[in-house]
Amino acid sequence: QVQLVESGGGLVQAGGSLRLSCAASGSIFDIDAMGWYRQAPGKQRELVADITGGDSTNYADSVKGRFTISRDSAENTVYLQMNSLKPEDTAVYYCKAFLSIVSDYSVYGDYWGQGTQVTVSS
């Protein structure tokens with residue numbers, strides 16, 4: 001069984017910063033890519049940023065230059081540093097990992113966290 005647990009969300013004023021963390025645990029054999037997605041009320045879930053096993057990163061245009069994704073592979077943890085936050089960044093932020101488990105190590109699949117709320121006030 002695999003768990004992804006996010007933390008670090010909260011309420012912040014526009015222009016402020018937050019740092020999200022997501023720790024993966026359980027019967028993990030290997031983690032390839034990890035990423036952050038968000039879903040605002042009435043909108044579809046969208047990619048915010050992701051990072052591969054080789055530390056190649058990809059960002060949504062709306063967050064480039066403001067958000068930074070990083071990972072600690074030894075700790076199976078991914079971070080999202082969010083600066084210069086805007087009200088339109090308000091959403092539930094979800095962590096996703098593309099990984100394989102010990103009992104079936106050749107098969108990779110997507111695993112999701114439960115989400116953490118980020119609210120940016122104007």
Side-chain angles (χ1 to χ4, degrees):
Q1 191 170 355
V2 174
Q3 284 188 317
L4 275 69
V5 179
E6 300 105 332
S7 60
L11 173 64
V12 64
Q13 288 188 331
S17 298
L18 284 173
R19 187 187 193 220
L20 305 183
S21 300
C22 171
S25 63
S27 301
I28 297 169
F29 179 78
D30 178 60
I31 298 179
D32 186 3
M34 299 186 80
W36 289 95
Y37 291 70
R38 66 187 181 188
Q39 187 167 18
K43 294 188 176 181
Q44 289 190 331
R45 191 173 297 188
E46 63 176 1
L47 172 70
V48 176
D50 59 21
I51 183 167
T52 68
D55 288 339
S56 175
T57 58
N58 176 51
Y59 295 91
D61 288 342
S62 60
V63 307
K64 283 181 181 176
R66 300 188 298 122
F67 291 10
T68 303
I69 190 170
S70 61
R71 68 189 286 178
D72 182 338
S73 295
E75 298 294 329
N76 290 339
T77 300
V78 64
Y79 304 97
L80 186 67
Q81 177 66 44
M82 305 186 294
N83 298 329
S84 301
L85 282 160
K86 304 175 181 179
E88 51 264 44
D89 294 318
T90 295
V92 178
Y93 284 69
Y94 296 91
C95 169
K96 189 186 83 170
F98 185 61
L99 58 83
S100 65
I101 59 176
V102 171
S103 61
D104 198 1
Y105 60 87
S106 65
V107 177
Y108 284 74
D110 289 333
Y111 290 78
W112 291 87
Q114 82 287 351
T116 185
Q117 177 70 46
V118 171
T119 302
V120 185
S121 63
S122 57

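Bear in mind that the values here come from a model prediction, so they are computed numbers and not experimental data.
Minimum interatomic distance between G115 and Y94 (heavy atoms only, all atoms of both residues): CA-CD2, 3.6 Å. A pairwise comparison of heavy atoms in S17 and Q81 identifies CB-NE2, 4.0 Å as the closest pair. The heavy-atom pair separating Q117 from A91 by the smallest distance is NE2-O, 3.4 Å. Taking both residues in full, the closest heavy atoms of A60 and L47 are given as CB-O, 3.4 Å, listed atom of the first, atom of the second, then distance. Across all their heavy atoms, S21 and W36 have their closest contact at O-CH2, 3.6 Å. Scanning all heavy atoms of the two residues, the minimum distance from S122 to P87 falls at CB-CG, 3.8 Å.
D89 places a side-chain N or O within donor-acceptor distance of the main-chain N or O of K86, the cut-off being under 3.5 Å.
Hydrophobic clustering places V12 together with Y93 (ILVMFWY residues linked when any side-chain heavy atoms are closer than 4.5 Å, directly or through intermediates). Under the 4.5 Å side-chain heavy-atom criterion for grouping Ile, Leu, Val, Met, Phe, Trp and Tyr, Y108 is not connected to V102 through any hydrophobic cluster. Cluster annotation: Y111 is not connected to F98 through the hydrophobic network of ILVMFWY side chains, with a link wherever side-chain heavy atoms come within less than 4.5 Å. Linking ILVMFWY side-chain heavy atoms closer than 4.5 Å, directly or via other members, places L20 and V63 in a single hydrophobic cluster. Both V48 and L18 are assigned to one and the same hydrophobic cluster, defined by single-linkage of ILVMFWY side chains at heavy-atom distances under 4.5 Å.
A salt bridge links D61 and K64; the closest N-O separation between the charged side-chain nitrogens and carboxylate oxygens is under 4.0 Å.
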Using distance only, find each side-chain donor-acceptor pair of residues 69-79 under 3.5 Å and give its atom names and separation, not counting sequence neighbours.
{"from": "R71", "atom 1": "NE", "to": "S73", "atom 2": "OG", "distance (Å)": "3.4"}
{"from": "R71", "atom 1": "NH1", "to": "D32", "atom 2": "O", "distance (Å)": "2.7"}
{"from": "R71", "atom 1": "NH1", "to": "T52", "atom 2": "O", "distance (Å)": "3.0"}
{"from": "R71", "atom 1": "NH2", "to": "D32", "atom 2": "O", "distance (Å)": "3.2"}
{"from": "D72", "atom 1": "OD1", "to": "A74", "atom 2": "N", "distance (Å)": "3.1"}
{"from": "D72", "atom 1": "OD1", "to": "E75", "atom 2": "N", "distance (Å)": "3.2"}
{"from": "T77", "atom 1": "OG1", "to": "E75", "atom 2": "O", "distance (Å)": "2.9"}

Worksheet entry | Test side chain to side chain contact (heavy atoms under 4.5 Å, CB included) applied to V92 and Y37, step by step | CA-CA 8 Å; V92 178; Y37 291 70; over 6 Å; no
Item to complete: Assess whether side chain to side chain contact (heavy atoms under 4.5 Å, CB included) is satisfied between R38 and T90, documenting all intermediate values.
Response: CA-CA 9 Å; R38 66 187 181 188; T90 295; over 6 Å; no
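One distance of note links SG of C22 with CD of Q3; it measures 11.0 Å at 0.5 Å rounding. The structure places CG of D50 at 11.0 Å from CG of L80, a figure rounded to the nearest 0.5 Å. A distance of 5.0 Å separates OG in S121 from CD in Q13, rounded to the nearest 0.5 Å. Taken to the nearest 0.5 Å, the OG atom of S27 stands 12.0 Å off from the CG atom of D104. Rounded to the nearest 0.5 Å, atoms CZ (F67) and OG (S84) are 9.0 Å apart. Residue R19 holds its CZ atom at 11.5 Å from CE of M82, rounded to the nearest 0.5 Å.
Applying the side-chain contact (heavy atoms from CB on, under 4.5 Å) test between S100 and each of V107, I31, D30 identifies D30 as the sole match.
Remark: D110 engages K96 in a salt bridge (charged side-chain N to carboxylate O under 4.0 Å, His left out) (not counting sequence neighbours).
Under a cut-off of 6.0 angstrom, the local environment of CD in Q114 is crowded, with over 12 non-hydrogen atoms contributed by other residues, nucleotides or ligands.
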